[in-house]
Amino acid sequence: MDTIYTWRRKLREADAAQEASAAEALPAPVFAEAVLDEDAVAVSAAEHPAMIIDLPRGKRLSIYPAASPALVAAALKALR
């Protein structure tokens, strides 16, 4: 399973490769901006997922804070 550091390294490598081949006019990959809604009503962390992953064909995987790392890893591995 890739970590955030692996993804970040791959993104930097892709950016370096893009700069090396100036003939290709592809937009540079960027990270999405995280926005916090300070006006949101505070709710229990158990009621809402800690992470939501949008998958192809409109599917969505919600990961709750109580989920064990092993369970999350198994779910993500099954979705490969």
Side-chain angles (χ1 to χ4, degrees):
M1 178 162 53
D2 288 339
T3 65
I4 186 80
Y5 303 106
T6 304
W7 296 339
R8 191 171 64 184
R9 179 182 47 80
K10 288 179 180 178
L11 183 63
R12 283 195 312 259
E13 289 172 356
D15 190 38
Q18 183 181 9
E19 289 176 6
S21 62
E24 293 183 39
L26 298 176
V30 296
F31 285 103
E33 178 184 0
V35 179
L36 299 177
D37 185 2
E38 295 180 15
D39 295 331
V41 177
V43 294
S44 170
E47 294 178 21
H48 293 284
M51 184 184 305
I52 299 173
I53 302 171
D54 290 322
L55 302 167
R57 293 175 284 209
K59 302 294 181 182
R60 180 174 279 180
L61 174 67
S62 298
I63 300 174
Y64 288 84
S68 70
L71 177 62
V72 174
L76 292 174
K77 185 176 181 181
L79 292 170
R80 276 190 181 173

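Keep in mind that this is a model prediction, so the values were computed, not measured.
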For this session: Taking the side chain as every heavy atom from C-beta outward, state whether I63 and P49 have any atom pair closer than 4.5 Å.
Result: no
For this session: State yes or no: do I53 and V72 share one hydrophobic cluster built from I, L, V, M, F, W and Y residues joined by side-chain heavy-atom distances below 4.5 Å, directly or via other members?
Result: yes
Exercise. Are L76 and M51 connected, step by step, through hydrophobic side chains (Ile, Leu, Val, Met, Phe, Trp, Tyr) whose heavy atoms are closer than 4.5 Å?
Worked result: yes
